[in-house]
Enquirer: 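Sharing a structure here in structure tokens format.
Just so you know, these numbers come straight off a predicted model, no measurement behind them. FYI, the numbering just counts along the sequence from 1.
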Amino acid sequence: MKNQIEVTGIEVFSYHGCMDEESILGGKYIVDIILTTDFSKSAATDQLIDTIDYVAIRNIVIEEMDIRSKLIENVAYRILNRFKSAFDTMISANIKVRKLSPPIQGVVKEVAVIIEG
């Protein structure tokens, strides 16, 4: 059985970007996670140990967002790999990393990458 767990709107202040200023000033990011799993066991047992803990999802995102990268593609890929290592019941993941107010010419609300795996 395939089910999904979503943890969306994880707000983080991080220092990603290709420009030197971004490593000093930092910026706001929002991360959305959708994990495909089978949580029929936890639905039956009503036990946290039988599912993927939302707190663990958020903690992995925060830890990986704390490691500076030039590209948010790199961050999203690292998050995916951590999920694969941490959650043996995970079937697949959809990770969206949004960078708010990126320092590019013109007014741009956000840029984002989405990785599935």
Side-chain angles (χ1 to χ4, degrees):
M1 180 179 291
K2 288 185 180 180
N3 310 116
Q4 292 186 325
I5 294 174
E6 291 188 29
V7 180
T8 60
I10 303 169
E11 294 187 19
V12 183
F13 193 88
S14 296
Y15 297 88
H16 309 299
C18 293
M19 297 189 310
D20 291 337
E21 296 81 19
E22 292 174 293
S23 68
I24 298 167
L25 301 174
K28 188 174 178 181
Y29 297 79
I30 298 177
V31 181
D32 299 321
I33 304 296
I34 301 172
L35 300 183
T36 301
T37 186
D38 178 358
F39 57 69
S40 57
K41 183 177 180 182
S42 62
T45 66
D46 198 28
Q47 297 297 312
L48 181 59
I49 196 166
D50 294 328
T51 192
I52 298 174
D53 187 346
Y54 313 147
V55 174
I57 294 169
R58 183 192 173 279
N59 288 345
I60 288 172
V61 168
I62 298 301
E63 290 168 10
E64 292 302 324
M65 290 296 290
D66 279 346
I67 301 169
R68 176 162 162 57
S69 292
K70 291 181 181 177
L71 303 176
I72 56 176
E73 290 89 332
N74 179 265
V75 180
Y77 188 74
R78 287 197 328 260
I79 293 169
L80 174 63
N81 285 335
R82 284 282 306 277
F83 287 165
K84 286 179 179 179
S85 295
F87 308 132
D88 58 350
T89 61
M90 186 184 85
I91 298 167
S92 64
N94 180 298
I95 300 158
K96 182 175 184 179
V97 179
R98 295 182 279 162
K99 182 176 189 171
L100 306 183
S101 302
I104 56 180
Q105 289 184 329
V107 178
V108 177
K109 181 179 178 181
E110 66 183 41
V111 294
V113 298
I114 301 171
I115 186 170
E116 296 180 17

Enquirer: Just verifying a value: how many Å separate Leu80 CG and Met90 CE, rounded to the nearest 0.5 Å?
Expert: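 Those atoms lie 5.5 Å apart.
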Enquirer: For the residue pair Gln105 and Val108, what are the closest heavy atoms and their distance?
Expert: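 Between these two residues, the closest heavy atoms are O-CG2, 4.3 Å.
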Enquirer: With rounding to the nearest 0.5 angstrom, report the CG to OG1 distance, Asp38 to Thr51.
Expert: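 Result: 9.5 Å between the selected atoms.
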Enquirer: Under a single-linkage definition using a 4.5 Å side-chain heavy-atom cutoff for Ile, Leu, Val, Met, Phe, Trp and Tyr, are Ile115 and Ile57 assigned to the same hydrophobic cluster?
Expert: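 Yes, same cluster.
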Enquirer: In terms of hydrophobic clusters joined by side-chain contacts under 4.5 Å, are Leu35 and Ile62 together?
Expert: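 Per the 4.5 Å side-chain linkage, Leu35 and Ile62 are co-clustered.
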Enquirer: Judged by atom type as modelled, is there a donor-acceptor pair below 3.5 Å linking the side chain of Arg82 to the main-chain atoms of Glu63?
Expert: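 No, because the side chain of Arg82 does not come within donor-acceptor range (under 3.5 Å) of the backbone of Glu63.
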Enquirer: Would you kindly confirm whether Tyr54 and Phe87 end up in one hydrophobic cluster when ILVMFWY residues are joined by side chain heavy atoms under 4.5 Å apart?
Expert: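 Hydrophobic grouping puts Tyr54 with Phe87.
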Enquirer: Quick check for you: to the nearest 0.5 Å, what is the distance between Ile79 atom CD1 and Ile10 atom CD1?
Expert: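 Rounded to the nearest 0.5 Å, the CD1-CD1 separation comes out at 8.0 Å.
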Enquirer: For the atom pair CE (Met19) and CD1 (Ile104), what is the distance rounded to the nearest 0.5 Å?
Expert: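 Spacing of CE (Met19) from CD1 (Ile104) equals 9.5 Å.
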Enquirer: State, to 0.1 Å, how close Ser40 and Asn3 come at their nearest heavy-atom pair, and which atoms those are.
Expert: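 Taking every non-hydrogen atom into account, N-OD1, 3.9 Å.
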Enquirer: With sequence neighbours left out, write down each residue that passes side chain to side chain donor-acceptor pair (under 3.5 Å) with Thr45, or none if nothing qualifies.
Expert: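 Asp50.
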Enquirer: Got a sec: does the CZ of Arg58 have more than 12 other heavy atoms crowding it under 6.0 Å?
Expert: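 Incorrect, the count does not exceed 12.
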Enquirer: Do other residues, nucleotides or ligands put more than 12 heavy atoms under 6.0 Å from the CD1 atom of Ile49?
Expert: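 12 or below, so no.
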Enquirer: Quick check: closest heavy atoms across Pro103 and Glu22, and the distance to 0.1 Å?
Expert: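 Taking Pro103 first and Glu22 second, the nearest heavy atoms are CG-OE2, 3.3 Å.
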Enquirer: Mark yes or no for whether Arg98, through its side chain, and Lys28, through its backbone, hold a donor-acceptor pair below 3.5 Å.
Expert: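 Side chain of Arg98 to backbone of Lys28, a donor-acceptor pair under 3.5 Å: no, none is there.
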Enquirer: Return the minimal non-hydrogen interatomic distance between Asp53 and Val55, and the atom names on each side.
Expert: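 Nearest pair, atom of Asp53 first, then Val55: OD1-N, 2.9 Å.
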Enquirer: Main chain of Thr89, side chain of Thr37: is a donor-acceptor contact present, judged purely on distance under 3.5 Å?
Expert: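 Side chain of Thr37 to backbone of Thr89: a pair is present.
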Enquirer: For Ser69, does its backbone N or O pair with a side-chain atom of Asn74 as donor and acceptor, under 3.5 Å?
Expert: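 No; zero donor-acceptor contacts below 3.5 Å.
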Enquirer: Counting distance only, does the side-chain N/O of Lys99 pair as donor-acceptor with the main-chain N or O of His16 below 3.5 Å?
Expert: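 Such a contact is found between Lys99 side chain and His16 backbone.
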Enquirer: Over all heavy atoms of both residues, which pair between Gly17 and Arg68 is shortest? Give the atoms and the distance, please.
Expert: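 Residues Gly17 and Arg68, closest heavy atoms: O-NH2, 3.0 Å.
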Enquirer: Is the shortest heavy-atom distance from the side chain of Leu48 to the side chain of Ser42 under 4.5 Å?
Expert: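 Not in contact.
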Enquirer: Closest approach of Asp32 and Gly9, non-hydrogen atoms and distance?
Expert: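 Closest pair (atom of Asp32, atom of Gly9, distance): OD1-N, 2.7 Å.
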Enquirer: Check the orientation of Tyr15 and Phe13. Use parallel for under 30°, tilted for 30 to 60°, and perpendicular for over 60°.
Expert: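 Answer is perpendicular, since the angle exceeds 60°.
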Enquirer: Transitively linked via ILVMFWY side-chain contacts under 4.5 Å: Val97 with Ile30?
Expert: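 Per the 4.5 Å side-chain linkage, Val97 and Ile30 are not co-clustered.
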Enquirer: Side chain to side chain donor-acceptor pair (under 3.5 Å) with Glu116: which residues, sequence neighbours excluded?
Expert: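 Here the qualifying residues are Asn94.
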Enquirer: Do Ile34 and Tyr29 share a hydrophobic cluster (ILVMFWY, side-chain heavy atoms under 4.5 Å, transitive)?
Expert: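 No, Ile34 does not connect to Tyr29 through the hydrophobic network.
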